[in-house]
Amino acid sequence: MAALKFTGRFKGWIARDVSGGILLFTAAVVALIWANSPWRDSYASLLAIEVGPSALHLNLSLSQWAADGLLAIFFFVVGMELKHEFVAGSLRNPRRAGVPVAAAVGGMAVPALCYLAIVGPAAPDATHGWAIPAATDIAFALAVLAVFGRGLPIALRVFLMTLAVVDDLLGIIVIATVYTETIDFGMLAAGLACVVVFGVLVRQRLVLWWVLGPIALVAWAFVHASGVHATVAGVLLGFTVPAVARFGEILPRTITGSRALTPWSSGVALPLFAFAAAGVTVVGTSDLVQPVSIGIVVALVVGKVTGVLGTTWLVTRVTPLRLPDAIGLRDLLPIGLLCGIGFTVALLIAELSFTGGEAESHTAAAKVGILVGSLLAAALGAVLLRWNAKHPREADMNRDGLVDTNTRVIE
(Lines give C-alpha, C1' and ligand atoms only; values in the text may rest on other atoms or scores of the structure.)
Protein backbone atom coordinates (compact mmCIF):
# COMPACT_ATOMS: atom_id res chain seq x y z
CA MET A 1 0.00 0.00 0.00
CA ALA A 2 2.80 2.39 0.94
CA ALA A 3 4.64 1.51 -2.27
CA LEU A 4 1.54 2.33 -4.34
CA LYS A 5 1.16 5.68 -2.59
CA PHE A 6 4.83 6.49 -3.19
CA THR A 7 4.51 5.50 -6.86
CA GLY A 8 1.44 7.70 -7.25
CA ARG A 9 3.13 10.66 -5.60
CA PHE A 10 6.27 10.18 -7.67
CA LYS A 11 4.28 10.06 -10.90
CA GLY A 12 2.43 13.22 -9.86
CA TRP A 13 5.71 14.96 -9.05
CA ILE A 14 7.42 13.89 -12.27
CA ALA A 15 4.49 15.13 -14.40
CA ARG A 16 4.76 18.71 -13.08
CA ASP A 17 6.29 21.36 -15.33
CA VAL A 18 8.96 22.30 -12.79
CA SER A 19 10.01 18.70 -12.09
CA GLY A 20 10.45 17.85 -15.77
CA GLY A 21 12.56 20.94 -16.30
CA ILE A 22 14.74 20.12 -13.28
CA LEU A 23 15.42 16.60 -14.55
CA LEU A 24 16.24 17.88 -18.04
CA PHE A 25 18.62 20.49 -16.66
CA THR A 26 20.27 18.02 -14.28
CA ALA A 27 20.84 15.46 -17.05
CA ALA A 28 22.38 18.12 -19.30
CA VAL A 29 24.69 19.37 -16.53
CA VAL A 30 25.85 15.83 -15.68
CA ALA A 31 26.60 15.19 -19.36
CA LEU A 32 28.55 18.46 -19.69
CA ILE A 33 30.59 17.77 -16.56
CA TRP A 34 31.38 14.20 -17.62
CA ALA A 35 32.22 15.23 -21.21
CA ASN A 36 34.74 17.77 -19.91
CA SER A 37 36.23 15.70 -17.10
CA PRO A 38 39.37 13.55 -17.22
CA TRP A 39 37.00 10.63 -17.89
CA ARG A 40 35.44 12.20 -21.00
CA ASP A 41 36.60 9.32 -23.20
CA SER A 42 34.41 6.96 -21.19
CA TYR A 43 31.40 9.20 -21.89
CA ALA A 44 32.02 9.00 -25.63
CA SER A 45 32.66 5.26 -25.43
CA LEU A 46 29.42 4.71 -23.52
CA LEU A 47 27.32 6.50 -26.13
CA ALA A 48 29.09 4.63 -28.94
CA ILE A 49 28.08 1.20 -27.63
CA GLU A 50 25.86 -0.52 -30.20
CA VAL A 51 22.89 -2.65 -29.19
CA GLY A 52 19.97 -4.12 -31.11
CA PRO A 53 19.39 -6.81 -33.75
CA SER A 54 21.59 -6.41 -36.84
CA ALA A 55 19.17 -8.45 -38.96
CA LEU A 56 16.55 -5.73 -38.54
CA HIS A 57 19.08 -2.93 -39.10
CA LEU A 58 18.54 -1.82 -35.51
CA ASN A 59 22.08 -2.26 -34.22
CA LEU A 60 22.22 1.37 -33.17
CA SER A 61 24.51 3.19 -30.79
CA LEU A 62 23.11 4.30 -27.45
CA SER A 63 23.26 7.87 -28.76
CA GLN A 64 21.10 6.90 -31.75
CA TRP A 65 18.67 4.99 -29.55
CA ALA A 66 18.27 8.14 -27.44
CA ALA A 67 17.56 10.35 -30.46
CA ASP A 68 15.50 7.90 -32.52
CA GLY A 69 13.91 5.73 -29.85
CA LEU A 70 13.43 7.65 -26.63
CA LEU A 71 12.35 10.84 -28.38
CA ALA A 72 9.64 8.85 -30.17
CA ILE A 73 7.96 8.48 -26.75
CA PHE A 74 8.12 12.23 -26.24
CA PHE A 75 6.72 12.89 -29.71
CA PHE A 76 3.94 10.34 -29.16
CA VAL A 77 2.83 12.42 -26.16
CA VAL A 78 3.19 15.58 -28.28
CA GLY A 79 1.04 13.94 -30.97
CA MET A 80 -1.73 13.21 -28.46
CA GLU A 81 -1.55 16.76 -27.11
CA LEU A 82 -1.71 18.19 -30.63
CA LYS A 83 -4.70 15.98 -31.47
CA HIS A 84 -6.51 17.13 -28.33
CA GLU A 85 -5.77 20.80 -29.00
CA PHE A 86 -7.06 20.55 -32.58
CA VAL A 87 -10.24 18.66 -31.64
CA ALA A 88 -11.21 19.97 -28.21
CA GLY A 89 -8.60 22.51 -27.09
CA SER A 90 -7.29 25.95 -27.88
CA LEU A 91 -6.62 25.21 -31.56
CA ARG A 92 -10.26 24.29 -32.21
CA ASN A 93 -11.37 27.92 -32.35
CA PRO A 94 -9.55 29.69 -35.24
CA ARG A 95 -10.15 33.14 -33.76
CA ARG A 96 -8.72 32.13 -30.40
CA ALA A 97 -5.85 30.15 -31.86
CA GLY A 98 -4.98 32.61 -34.63
CA VAL A 99 -2.57 34.81 -32.68
CA PRO A 100 -0.44 32.07 -31.04
CA VAL A 101 -0.36 30.13 -34.33
CA ALA A 102 0.85 33.23 -36.20
CA ALA A 103 3.34 33.94 -33.39
CA ALA A 104 4.68 30.39 -33.73
CA VAL A 105 5.23 30.85 -37.47
CA GLY A 106 6.99 34.18 -36.92
CA GLY A 107 8.94 32.66 -34.03
CA MET A 108 10.33 30.04 -36.41
CA ALA A 109 10.88 32.17 -39.51
CA VAL A 110 12.75 35.11 -37.93
CA PRO A 111 15.33 32.99 -36.03
CA ALA A 112 15.98 30.99 -39.21
CA LEU A 113 16.59 34.23 -41.11
CA CYS A 114 18.87 35.52 -38.33
CA TYR A 115 20.89 32.32 -38.50
CA LEU A 116 21.21 32.49 -42.28
CA ALA A 117 22.16 36.19 -42.18
CA ILE A 118 25.06 35.45 -39.80
CA VAL A 119 26.17 32.02 -41.00
CA GLY A 120 25.51 32.33 -44.73
CA PRO A 121 28.28 34.82 -45.62
CA ALA A 122 30.86 33.31 -43.23
CA ALA A 123 30.21 29.56 -43.41
CA PRO A 124 28.05 28.64 -46.42
CA ASP A 125 28.53 24.91 -45.76
CA ALA A 126 26.69 25.31 -42.44
CA THR A 127 23.49 26.91 -43.76
CA HIS A 128 21.76 23.51 -43.63
CA GLY A 129 21.37 24.13 -39.90
CA TRP A 130 18.90 27.00 -40.39
CA ALA A 131 16.14 25.11 -38.53
CA ILE A 132 18.19 24.58 -35.34
CA PRO A 133 17.09 27.82 -33.59
CA ALA A 134 13.49 27.49 -34.83
CA ALA A 135 12.43 24.96 -32.21
CA THR A 136 11.03 25.62 -28.72
CA ASP A 137 11.50 23.25 -25.79
CA ILE A 138 8.06 22.89 -24.19
CA ALA A 139 9.31 21.23 -21.01
CA PHE A 140 11.96 23.85 -20.19
CA ALA A 141 9.80 26.84 -21.19
CA LEU A 142 6.84 25.74 -19.06
CA ALA A 143 9.15 24.97 -16.14
CA VAL A 144 10.59 28.51 -16.15
CA LEU A 145 7.09 29.98 -16.45
CA ALA A 146 5.82 27.86 -13.55
CA VAL A 147 8.65 28.98 -11.27
CA PHE A 148 8.94 32.67 -12.18
CA GLY A 149 5.49 33.44 -13.58
CA ARG A 150 3.54 33.23 -10.34
CA GLY A 151 0.95 35.98 -10.10
CA LEU A 152 0.66 36.36 -13.88
CA PRO A 153 -2.51 35.37 -15.80
CA ILE A 154 -2.85 31.62 -16.35
CA ALA A 155 -3.85 32.52 -19.92
CA LEU A 156 -0.12 33.10 -20.50
CA ARG A 157 0.53 29.39 -19.92
CA VAL A 158 -2.20 28.47 -22.40
CA PHE A 159 -0.74 30.92 -24.92
CA LEU A 160 2.79 29.55 -24.46
CA MET A 161 1.56 25.95 -24.64
CA THR A 162 -0.39 26.64 -27.86
CA LEU A 163 2.56 28.47 -29.42
CA ALA A 164 5.01 25.72 -28.43
CA VAL A 165 2.71 22.93 -29.64
CA VAL A 166 2.36 24.58 -33.07
CA ASP A 167 6.10 25.20 -33.03
CA ASP A 168 6.68 21.48 -32.42
CA LEU A 169 4.27 20.55 -35.22
CA LEU A 170 6.15 22.78 -37.65
CA GLY A 171 9.44 21.39 -36.38
CA ILE A 172 8.23 17.85 -37.00
CA ILE A 173 7.26 18.79 -40.56
CA VAL A 174 10.72 20.27 -41.10
CA ILE A 175 12.41 17.13 -39.74
CA ALA A 176 10.26 14.89 -41.94
CA THR A 177 10.89 16.90 -45.11
CA VAL A 178 14.13 18.87 -44.97
CA TYR A 179 16.21 16.38 -42.99
CA THR A 180 15.16 13.22 -44.80
CA GLU A 181 17.64 12.47 -47.60
CA THR A 182 16.32 9.19 -49.07
CA ILE A 183 13.02 7.40 -48.50
CA ASP A 184 12.28 3.70 -48.86
CA PHE A 185 8.61 3.99 -49.79
CA GLY A 186 7.99 0.28 -49.23
CA MET A 187 9.14 0.50 -45.61
CA LEU A 188 7.26 3.77 -45.15
CA ALA A 189 4.05 2.20 -46.49
CA ALA A 190 4.48 -0.72 -44.08
CA GLY A 191 4.96 1.73 -41.21
CA LEU A 192 1.87 3.71 -42.19
CA ALA A 193 -0.12 0.47 -42.40
CA CYS A 194 0.89 -0.32 -38.82
CA VAL A 195 -0.15 3.20 -37.78
CA VAL A 196 -3.58 2.57 -39.35
CA VAL A 197 -3.94 -0.73 -37.49
CA PHE A 198 -2.93 1.02 -34.26
CA GLY A 199 -5.50 3.75 -34.95
CA VAL A 200 -8.30 1.22 -35.49
CA LEU A 201 -7.49 -0.73 -32.32
CA VAL A 202 -7.04 2.34 -30.10
CA ARG A 203 -10.59 3.42 -30.97
CA GLN A 204 -12.20 0.16 -29.83
CA ARG A 205 -14.20 -0.15 -26.62
CA LEU A 206 -11.60 -2.44 -25.07
CA VAL A 207 -8.10 -1.02 -25.33
CA LEU A 208 -5.45 -3.72 -25.11
CA TRP A 209 -2.23 -1.82 -24.46
CA TRP A 210 -0.22 -5.04 -24.49
CA VAL A 211 -1.30 -5.39 -28.14
CA LEU A 212 -0.94 -1.72 -29.08
CA GLY A 213 2.60 -1.51 -27.68
CA PRO A 214 4.13 -4.08 -30.06
CA ILE A 215 2.22 -2.62 -33.03
CA ALA A 216 3.58 0.84 -32.20
CA LEU A 217 7.08 -0.61 -31.92
CA VAL A 218 6.79 -2.28 -35.34
CA ALA A 219 5.46 0.96 -36.87
CA TRP A 220 8.43 2.82 -35.38
CA ALA A 221 10.87 0.23 -36.78
CA PHE A 222 9.42 0.44 -40.30
CA VAL A 223 9.46 4.25 -40.32
CA HIS A 224 13.03 4.20 -39.01
CA ALA A 225 14.04 1.80 -41.78
CA SER A 226 12.36 4.00 -44.41
CA GLY A 227 14.79 6.86 -43.84
CA VAL A 228 12.18 9.22 -42.37
CA HIS A 229 13.17 10.20 -38.84
CA ALA A 230 11.58 7.73 -36.44
CA THR A 231 10.12 10.45 -34.19
CA VAL A 232 7.57 11.11 -36.96
CA ALA A 233 6.12 7.67 -36.21
CA GLY A 234 5.50 8.79 -32.64
CA VAL A 235 3.57 11.86 -33.78
CA LEU A 236 1.46 9.89 -36.27
CA LEU A 237 0.61 7.26 -33.66
CA GLY A 238 -0.36 10.00 -31.20
CA PHE A 239 -2.65 11.58 -33.79
CA THR A 240 -4.69 8.36 -34.05
CA VAL A 241 -5.73 8.42 -30.37
CA PRO A 242 -9.36 9.65 -29.93
CA ALA A 243 -9.65 13.17 -28.53
CA VAL A 244 -13.36 12.82 -27.66
CA ALA A 245 -14.60 10.69 -24.77
CA ARG A 246 -16.11 7.42 -26.02
CA PHE A 247 -18.02 4.47 -24.58
CA GLY A 248 -19.02 6.37 -21.44
CA GLU A 249 -15.46 7.39 -20.57
CA ILE A 250 -15.05 10.48 -18.41
CA LEU A 251 -11.95 11.76 -20.22
CA PRO A 252 -10.83 11.33 -23.83
CA ARG A 253 -8.01 8.88 -24.44
CA THR A 254 -5.67 11.66 -25.54
CA ILE A 255 -5.85 12.96 -21.95
CA THR A 256 -5.60 9.60 -20.17
CA GLY A 257 -2.84 8.45 -22.52
CA SER A 258 -0.88 11.66 -22.08
CA ARG A 259 -1.17 11.47 -18.30
CA ALA A 260 -0.03 7.84 -18.30
CA LEU A 261 3.01 8.46 -20.52
CA THR A 262 4.10 11.92 -19.35
CA PRO A 263 6.03 10.51 -16.35
CA TRP A 264 7.94 8.24 -18.75
CA SER A 265 8.44 11.04 -21.26
CA SER A 266 9.48 13.73 -18.75
CA GLY A 267 11.16 11.44 -16.26
CA VAL A 268 13.01 9.01 -18.53
CA ALA A 269 12.99 9.77 -22.27
CA LEU A 270 13.83 13.48 -22.26
CA PRO A 271 16.49 13.39 -19.50
CA LEU A 272 18.27 10.43 -21.14
CA PHE A 273 18.20 12.19 -24.51
CA ALA A 274 19.57 15.35 -22.87
CA PHE A 275 22.31 13.28 -21.27
CA ALA A 276 23.22 11.77 -24.64
CA ALA A 277 23.02 14.99 -26.66
CA ALA A 278 24.26 17.75 -24.35
CA GLY A 279 27.69 16.35 -23.56
CA VAL A 280 29.81 18.75 -25.59
CA THR A 281 33.55 18.60 -24.90
CA VAL A 282 34.93 22.12 -24.73
CA VAL A 283 38.19 21.29 -22.94
CA GLY A 284 41.03 21.53 -25.42
CA THR A 285 38.72 22.65 -28.23
CA SER A 286 39.41 26.04 -29.82
CA ASP A 287 36.89 26.33 -32.65
CA LEU A 288 33.60 26.33 -30.73
CA VAL A 289 33.08 30.09 -31.12
CA GLN A 290 32.34 30.26 -34.82
CA PRO A 291 29.55 31.65 -37.04
CA VAL A 292 27.35 28.60 -36.30
CA SER A 293 27.39 29.06 -32.52
CA ILE A 294 27.08 32.85 -32.76
CA GLY A 295 24.23 32.57 -35.24
CA ILE A 296 22.32 30.17 -32.99
CA VAL A 297 22.75 32.32 -29.87
CA VAL A 298 21.58 35.48 -31.66
CA ALA A 299 18.69 33.62 -33.29
CA LEU A 300 17.47 32.11 -29.99
CA VAL A 301 17.86 35.22 -27.83
CA VAL A 302 17.00 37.98 -30.33
CA GLY A 303 15.34 36.26 -33.28
CA LYS A 304 12.75 34.35 -31.28
CA VAL A 305 11.45 37.26 -29.25
CA THR A 306 11.49 39.51 -32.35
CA GLY A 307 9.54 36.96 -34.37
CA VAL A 308 6.94 36.31 -31.65
CA LEU A 309 6.42 39.96 -30.68
CA GLY A 310 6.62 41.35 -34.21
CA THR A 311 4.17 38.84 -35.67
CA THR A 312 1.74 39.29 -32.77
CA TRP A 313 1.85 43.08 -33.10
CA LEU A 314 1.27 42.88 -36.85
CA VAL A 315 -1.55 40.34 -36.66
CA THR A 316 -3.43 42.21 -33.94
CA ARG A 317 -3.11 45.48 -35.88
CA VAL A 318 -4.15 44.41 -39.37
CA THR A 319 -6.58 41.55 -38.66
CA PRO A 320 -9.60 41.07 -36.37
CA LEU A 321 -7.58 38.60 -34.26
CA ARG A 322 -6.85 39.64 -30.68
CA LEU A 323 -4.83 38.33 -27.77
CA PRO A 324 -6.74 36.36 -25.10
CA ASP A 325 -8.19 38.13 -22.07
CA ALA A 326 -5.68 39.49 -19.54
CA ILE A 327 -2.70 39.25 -21.92
CA GLY A 328 -0.99 42.31 -23.40
CA LEU A 329 2.01 42.79 -25.65
CA ARG A 330 4.21 43.46 -22.61
CA ASP A 331 3.47 39.89 -21.43
CA LEU A 332 4.81 38.50 -24.67
CA LEU A 333 8.32 39.88 -24.19
CA PRO A 334 9.20 37.24 -21.55
CA ILE A 335 7.13 34.63 -23.42
CA GLY A 336 9.10 35.33 -26.59
CA LEU A 337 12.32 34.84 -24.63
CA LEU A 338 11.06 31.55 -23.19
CA CYS A 339 10.42 30.42 -26.75
CA GLY A 340 14.16 30.91 -27.25
CA ILE A 341 14.81 27.91 -25.00
CA GLY A 342 15.44 25.55 -27.90
CA PHE A 343 16.92 22.60 -26.10
CA THR A 344 15.51 19.15 -26.94
CA VAL A 345 14.35 19.51 -30.55
CA ALA A 346 17.17 21.95 -31.34
CA LEU A 347 19.78 19.40 -30.23
CA LEU A 348 18.06 16.78 -32.38
CA ILE A 349 18.05 19.03 -35.46
CA ALA A 350 21.71 19.94 -34.82
CA GLU A 351 22.63 16.26 -35.04
CA LEU A 352 20.57 15.86 -38.22
CA SER A 353 21.97 19.03 -39.83
CA PHE A 354 25.66 18.27 -39.82
CA THR A 355 26.46 14.74 -40.88
CA GLY A 356 29.39 13.43 -42.88
CA GLY A 357 32.76 14.97 -43.72
CA GLU A 358 33.70 18.44 -42.60
CA ALA A 359 30.11 19.35 -41.71
CA GLU A 360 30.40 17.32 -38.50
CA SER A 361 32.87 19.90 -37.16
CA HIS A 362 29.92 22.28 -36.81
CA THR A 363 27.95 19.90 -34.54
CA ALA A 364 29.84 20.75 -31.33
CA ALA A 365 29.68 24.49 -32.07
CA ALA A 366 25.95 24.19 -32.73
CA LYS A 367 25.38 22.42 -29.41
CA VAL A 368 27.37 25.06 -27.55
CA GLY A 369 25.27 27.74 -29.24
CA ILE A 370 22.07 25.94 -28.23
CA LEU A 371 23.15 25.57 -24.60
CA VAL A 372 24.38 29.17 -24.25
CA GLY A 373 21.43 30.68 -26.15
CA SER A 374 18.86 28.63 -24.23
CA LEU A 375 20.44 29.55 -20.89
CA LEU A 376 20.49 33.27 -21.78
CA ALA A 377 16.90 33.17 -23.03
CA ALA A 378 15.76 31.37 -19.86
CA ALA A 379 17.57 33.81 -17.55
CA LEU A 380 16.29 36.93 -19.32
CA GLY A 381 12.79 35.47 -19.54
CA ALA A 382 12.79 34.70 -15.80
CA VAL A 383 13.88 38.23 -14.89
CA LEU A 384 11.21 39.81 -17.10
CA LEU A 385 8.51 37.48 -15.76
CA ARG A 386 9.20 38.71 -12.22
CA TRP A 387 9.29 42.35 -13.39
CA ASN A 388 5.98 41.86 -15.17
CA ALA A 389 4.37 40.24 -12.13
CA LYS A 390 5.35 43.15 -9.85
CA HIS A 391 3.87 45.92 -12.01
CA PRO A 392 0.20 46.93 -12.06
CA ARG A 393 -1.96 45.54 -14.83
CA GLU A 394 -4.63 47.37 -16.84
CA ALA A 395 -8.29 46.34 -16.87
CA ASP A 396 -8.12 45.68 -20.62
CA MET A 397 -4.70 44.21 -21.28
CA ASN A 398 -5.53 42.84 -24.74
CA ARG A 399 -7.16 46.14 -25.80
CA ASP A 400 -10.29 44.58 -27.28
CA GLY A 401 -12.53 47.26 -25.76
CA LEU A 402 -13.84 44.92 -23.04
CA VAL A 403 -12.81 44.52 -19.43
CA ASP A 404 -10.79 41.33 -19.02
CA THR A 405 -12.71 38.58 -17.24
CA ASN A 406 -10.39 35.56 -17.32
CA THR A 407 -7.91 36.91 -14.77
CA ARG A 408 -7.03 33.70 -12.88
CA VAL A 409 -3.32 33.70 -12.12
CA ILE A 410 -0.52 31.16 -12.01
CA GLU A 411 -0.04 29.95 -8.43
Side-chain angles (χ1 to χ4, degrees), residues 13-37 39-40 42-49 60-78 132-144 146-147 164 167-168 171-172 175 229-231 234 261-282 288 293 296-297 300 338-354 363-379:
W13 178 83
I14 212 74
R16 292 171 53 200
D17 294 338
V18 176
S19 307
I22 290 173
L23 285 175
L24 258 179
F25 182 75
T26 302
V29 169
V30 169
L32 276 171
I33 292 174
W34 191 354
N36 291 279
S37 71
W39 306 279
R40 53 185 174 272
S42 63
Y43 172 80
S45 299
L46 173 65
L47 296 181
I49 294 174
L60 309 176
S61 67
L62 292 181
S63 177
Q64 290 173 311
W65 275 112
D68 295 353
L70 291 176
L71 275 192
I73 300 173
F74 166 69
F75 278 104
F76 179 62
V77 175
V78 169
I132 295 172
T136 295
D137 191 297
I138 296 178
F140 261 140
L142 290 179
V144 175
V147 173
D167 199 319
D168 271 354
I172 292 161
I175 291 172
H229 200 271
T231 52
L261 283 178
T262 292
W264 293 99
S265 174
S266 300
V268 179
L270 289 182
L272 285 179
F273 171 75
F275 173 79
V280 184
T281 300
V282 298
L288 293 178
S293 54
I296 291 173
V297 171
L300 288 175
L338 295 189
C339 289
I341 306 174
F343 191 74
T344 306
V345 181
L347 288 171
L348 172 61
I349 295 177
E351 295 189 345
L352 296 175
S353 298
F354 308 119
T363 304
K367 289 185 177 182
V368 167
I370 292 167
L371 296 175
V372 172
S374 297
L375 185 61
L376 279 174

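Keep in mind it's a predicted model, so treat the numbers as computed, not measured.
For the atom pair CD1 (Ile33) and CZ (Arg40), the distance works out to 14.0 Å, reported to the nearest 0.5 Å. With rounding to the nearest 0.5 angstrom, the CG atom of Leu347 is 4.5 Å from the CD1 atom of Ile370. Here the CD-CD1 distance, from Glu351 to Ile132, works out to 10.0 Å after rounding to the nearest 0.5 Å. A distance of 7.0 Å separates CG of Leu71 from NE2 of His229, quoted to the nearest 0.5 Å. Between the CZ atom in Phe275 and the CG atom in Leu24 there is a gap of 13.5 Å [rounded to 0.5 Å]. Summarising the geometry, atom CG belonging to Leu348 is positioned 6.0 Å from atom OG1 belonging to Thr231; distances are rounded to the nearest 0.5 Å.
Contact check for Leu70 versus Trp65: no side-chain heavy atoms found under the 4.5 Å cut-off. Asp137 places none of its side-chain heavy atoms less than 4.5 Å from the side chain of Ser374. Using a 4.5 Å cut-off on side-chain heavy atoms (C-beta onward), Leu371 and Val368 make no contact.
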* Given the rule in the side chain to side chain contact (heavy atoms under 4.5 Å, CB included) test, do Val345 and Phe75 qualify, once you have shown the distances and angles that lead to the verdict? -> CA-CA 10 Å; Val345 181; Phe75 278 104; 4.0 Å; yes
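Here Phe343 and Phe273 keep their ring centres 6.0 angstrom or further from each other.
Heavy-atom minimum distance, Thr136 versus Leu338: CG2-O, 4.4 Å. Nearest heavy atoms, Ala366 versus Ala350: CB-CB, 4.1 Å. In plain terms, the two heavy atoms of Leu23 and Ser266 that are nearest each other are CD1-O, 4.0 Å. Between Ala278 and Ala31, the closest heavy-atom pair is C-CB, 4.2 Å. When all heavy atoms are compared, the tightest approach of Ala365 to Ser293 is O-CB, 3.2 Å. Minimum heavy-atom separation, Ala72 to Ala230: CB-O, 4.3 Å.
Side-chain atoms of Ser37 come within 3.5 Å of backbone N or O of Trp34 as a donor-acceptor pair. Proximity of a side-chain donor or acceptor of Thr26 to a complementary backbone N or O of Ile22 within less than 3.5 Å is detected.
With a 6.0 Å radius and a threshold of 12 heavy atoms from other residues, nucleotides or ligands, Tyr43 has its OH atom above the threshold.
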